[in-house]
Each structure stands twice: as structure tokens, then as C-alpha cells.
Amino acid sequence: MLDYETLKLVWWLLVGVLLVGFAVMDGHDMGVGALLPFVGRSDSERRVVINTVGPHWDGNQVWFITAGGAIFAAWPLVYATAFSGFYWALLAVLWALFFRPVGFDYRSKVAHPTWRTAWDWGLFVGGAVPALVFGVAFGNVLQGVPFYFEDRMLPVYTGSFWALFNPFALVSGVVSLSMLLFHGATYLQLRTEGVIAQRARKAAFLFGLLTLVSFALGGLLVSHLDGYRLDGPLAVGEALSPLGKTVVRAPGAALANFAAQPLLWAVPGLALAGLALGLLASAARRPGLAFIGTGLCCAGVIFTAGVALFPFVLPSSSHPGHSLTLWDCVSSHRTLNIMFWVALVMTPIVLSYTAWAYRVMRGKVTVAHVEQHGQALY
């Protein structure tokens, strides 16, 4: 059995890996859905776009469910507090996601153009809204969320829904949305041909540049925002109570980890390198390499946020001493240990099955293929 402090670090990394898996796997599905009304002009072209993700989108949703479940099981206080603060935003995500299963399954059941166009925009909402809101949520976490704990350790959120949409959070939302649109566009290049692939290539260039500009702007803004720094024993993982620590809020503290360990600049460097690879490979008509590049960009962006936060998971802007860190918001030693071994066994199985499924269903989706198979496809 691993010791408790090691497991806390391990689960911080594993939650990050699950979020990256969600962004890479379900992210390209969302990107494709958000691009659907624009890269597909006719009904047949839009059916081609839908069927590039048709065999996999529901399986990729598992990454989202698993990431949420892991946060609930490993960091129950974070789960409870975040859902209190982001309740309406997460409800908006949930309602947007409702459009995905019904949109995929019912769009082609009726041949009427109005029916199909309505579901096309429903799939757009199901892809674009979650991508935007998740980025907004990350932006608020980096700034700190206004909450505190009562005497019975019940979290109390003191902010408002509209306060979530502040300038830095909106920039973070643009980073998230443009990144997943970029990722989805490279996937469409990989799975389509002809005019659809050309439109996807143009979309990749546009949203790749937007990702670059918004990510750079976000980095500039975060350097001027107040960050959080631990003082006292919890900084080395000795204290266990969420309230038994001293937290200092100071300008530029979000970059303290990068200043203390310069090698960590390689993490945002990975995001920029992946972004550059995605743009260059897309322009060179190397969609497979471009898709790898956008996947690395997703990983780099998410882990950049993680490094900036570490060791905080959910800082409190109104009561900094009530902030939640990876040391004090976790489940019991036994829970973390059981989950660790389950993850160690199941993750390779899930990855192997996913790789097999994508290999079996690889290849281009064409208009002729969609028209030939009719109602057998989405």
C-alpha cells in the first residue's frame, strides 16, 4: 500500500490525466459538433461530418463521467463546493449535453429540412456550450471562488452566477472553446476528404490562431492577477484539516511554481509546441500529425493550469484560509488506495479497447458512403 501523502499526489496527477483524456477524446467530438453547421453545407455533407464521430461519441462521454466520478471519490469536498458555486453553469452544461444523444439519434429519422437543421444547431449547442463553460470554470478556479465553510464544514458560496463571467474567465472560455474547435477541425481533416476537409483546414487555421492569441493573453492576465500561496505546515503536507492552514493572497503568486522550478515552463511550452505542430501539419495536409499536435496542445493547456494552481485545487477568494488543497480535501487513505489499484488495472483496458475501436472504424467518411448506406448511418 502506498503512503497517504504519495497517494494524494498520485490522485492529483490522475485527475489531471482524466481531464486531458476528456479534452482529447470527447473534446474532438464537441469540436466537430460545434463546427457542423459551418463545414457541412448540404444535408449529405452534414451527415458525413456527424458520422465521423458517430461510432465513438457515446464511448468518449465515458471520459467525462469518469473524470467527474474521480473528483467525487478522491476530492469530495471539492465536488460539493464546486457544485454549490457553479450550480447554474453546470446545469447549463447538462442541458446543452442533452442535445447530443437526441441530436445524433433523431436527426436523420425525418427527412424534412427544418427538422434536420434544428438538430444541427442543437448539436452545435451541445458542442460549443460545454467547451466554453468548462473554460470559464477553470478561469474562475484560477482566480479563486468566493466560498467558506461553516462550523459543520458545510460549504457556503457567496458569489453570483453572473460574476462567473468576468474578463479573465471569459478569456479562459475562449481558450477552451477555440482549442477544442481546433482539435475537432484537425480530426475532420483526418476523416473526410474534398470540400469538407478544405473547410475544416480553414477552420483549423482560424481557431488555431485564436487559441494562440487567447492563450498568450490569458498568460499575460494571470501574471497580474492575485494568486494563492501556502504558509505553514500544510505546504509540506503535514496538516490535514481544510481550515488548519494559512493562505496568503498575493499578486503574481499564480506563477510562483514556475519561478521556483524553471523546468515547469516546459508545460506551457508543450501547449505552444502542440499548437504550432497542429497548425503546420494542417497546412501541410498531414492531418494525423496535426491531430497529435492538437492533442498535445490540450494536454499542455490543462497541465499549465494545474501547475499554476498546485497545490491548490479550489482556492477561496473570500476566505483564503478555507481554500482546498490536494493535501486536505481528499478521501481516506483506504479509498485512495483502492481507487489507485482499480485505475491501474482498468485504464490500460479502456485505452486498449479505445485504440482497437478507432483502428477498426478508421478511414474516410464520404458523401457516397453516407448516401449508399442511407438509414443505416446517422
Side-chain angles (χ1 to χ4, degrees), residues 2-19 22 64-91 93-94 134 136-159 161 163-164 227-249 254 302 305-340 342-343:
L2 296 176
D3 66 85
Y4 200 16
E5 302 305 328
T6 300
L7 281 170
K8 292 176 182 181
L9 283 169
V10 165
W11 273 102
W12 181 82
L13 288 170
L14 286 178
V15 169
V17 169
L18 287 172
L19 291 175
F22 166 62
F64 177 50
I65 297 168
T66 305
I71 292 173
F72 171 74
W75 298 335
L77 277 177
V78 171
Y79 190 89
T81 307
F83 269 74
S84 296
F86 300 145
Y87 183 82
W88 289 108
L90 292 174
L91 199 60
V93 169
L94 180 63
F134 287 144
V136 169
F138 261 102
N140 279 282
V141 170
L142 284 167
Q143 295 177 93
V145 180
F147 72 91
Y148 68 92
F149 288 100
E150 292 182 338
D151 294 338
R152 295 174 295 168
M153 288 303 298
L154 293 176
V156 178
Y157 177 68
T158 58
F161 172 75
L164 296 175
Y228 300 85
R229 184 180 71 248
L230 279 170
D231 282 351
L234 195 58
V236 291
E238 295 173 2
L240 299 178
S241 170
L243 307 183
K245 60 181 178 290
T246 301
V247 177
V248 176
R249 186 177 179 182
I302 290 172
V307 171
L309 274 171
F310 185 87
F312 293 93
V313 180
L314 191 65
S316 171
S317 57
S318 60
H319 295 71
H322 292 205
S323 299
L324 297 175
T325 73
L326 66 94
W327 305 117
D328 58 25
C329 68
V330 297
S331 293
S332 68
H333 189 188
R334 175 174 293 184
T335 299
L336 295 185
N337 192 63
I338 292 173
M339 289 171 57
F340 170 74
V342 170

Tyr228 vs Ser316, side chain to side chain contact (heavy atoms under 4.5 Å, CB included): CA-CA, chis, key distance, verdict: CA-CA 9 Å; Tyr228 300 85; Ser316 171; over 6 Å; no

Side chain proximity check, Met153 to Leu243, heavy atoms < 4.5 angstrom: yes

Check: Leu314 and Phe147 side chains under 4.5 Å, non-hydrogen atoms: yes

Parallel, tilted or perpendicular, as decided by the 30° and 60° cut-offs, for the rings of His319 and Tyr148: tilted

Distance, nearest 0.5 Å, that separates CD1 of Ile338 from OG of Ser332: 7.5 Å

Non-hydrogen side-chain atoms of Pro76 and Ser331 separated by less than 4.5 Å: yes

Interatomic spacing from CG in Asn337 to OG1 in Thr6 - rounded to 0.5 Å: 11.0 Å

CG on Leu13 to CG on Leu18, rounded to 0.5 Å: 11.0 Å

Given Phe310, Phe312, Trp327, the one that forms ring-ring contact (aromatic ring centres under 6.0 Å, His included) with Trp12: Phe310

Shortest non-hydrogen separation from Val330 to Leu326 and the atoms involved: CG1-O, 3.1 Å

Distance in Å, Leu9 CG paired with Leu336 CG, rounded so as to fall on 0.5 Å steps: 11.0 Å

Distance (rounded to the nearest 0.5 Å) between Leu77 CG and Ile71 CD1: 13.5 Å

Shortest non-hydrogen contact between Trp11 and Ala343, atoms and distance: CH2-CB, 4.4 Å

Donor-acceptor pair, side chain of His333 and main chain of Leu2, under 3.5 angstrom: yes

Where Ala67 and Leu19 come nearest, the two heavy atoms and their spacing: CB-CD2, 4.2 Å

Exercise: identify the closest heavy-atom pair between Ile302 and Gly16: CG2-O, 4.4 Å

Heavy-atom donor-acceptor pair, Thr158 side chain to Pro146 backbone, under 3.5 Å: yes

Flag if over 12 foreign heavy atoms under 6.0 Å of CZ, Phe72: no

Nearest atoms (heavy-atom pairs only) where Ala308 meets Leu142: CB-CD2, 4.1 Å

Val247 vs Leu230, side chain to side chain contact (heavy atoms under 4.5 Å, CB included): CA-CA, chis, key distance, verdict: CA-CA 5 Å; Val247 177; Leu230 279 170; 3.8 Å; yes

Student check: side-chain heavy atoms of Gln143 and Asn140 closer than 4.5 Å: yes

Distance, nearest 0.5 Å, that separates CZ of Arg229 from OG of Ser323: 13.0 Å

Any side-chain heavy-atom pair of Pro315 and Leu309 under 4.5 Å: yes

Ring centre gap for Tyr157 and Tyr87 strictly below 6.0 Å: no

Residue pair Trp75 / Leu324, side-chain heavy-atom distance below 4.5 Å: no

Aromatic contact, Phe138 with Phe134 (centres under 6.0 Å): no

Full working for side chain to side chain contact (heavy atoms under 4.5 Å, CB included) between Lys245 and Thr325: CA-CA 10 Å; Lys245 60 181 178 290; Thr325 73; 4.0 Å; yes

From CA spacing to verdict: side chain to side chain contact (heavy atoms under 4.5 Å, CB included), Phe340, Val10: CA-CA 8 Å; Phe340 170 74; Val10 165; 3.7 Å; yes

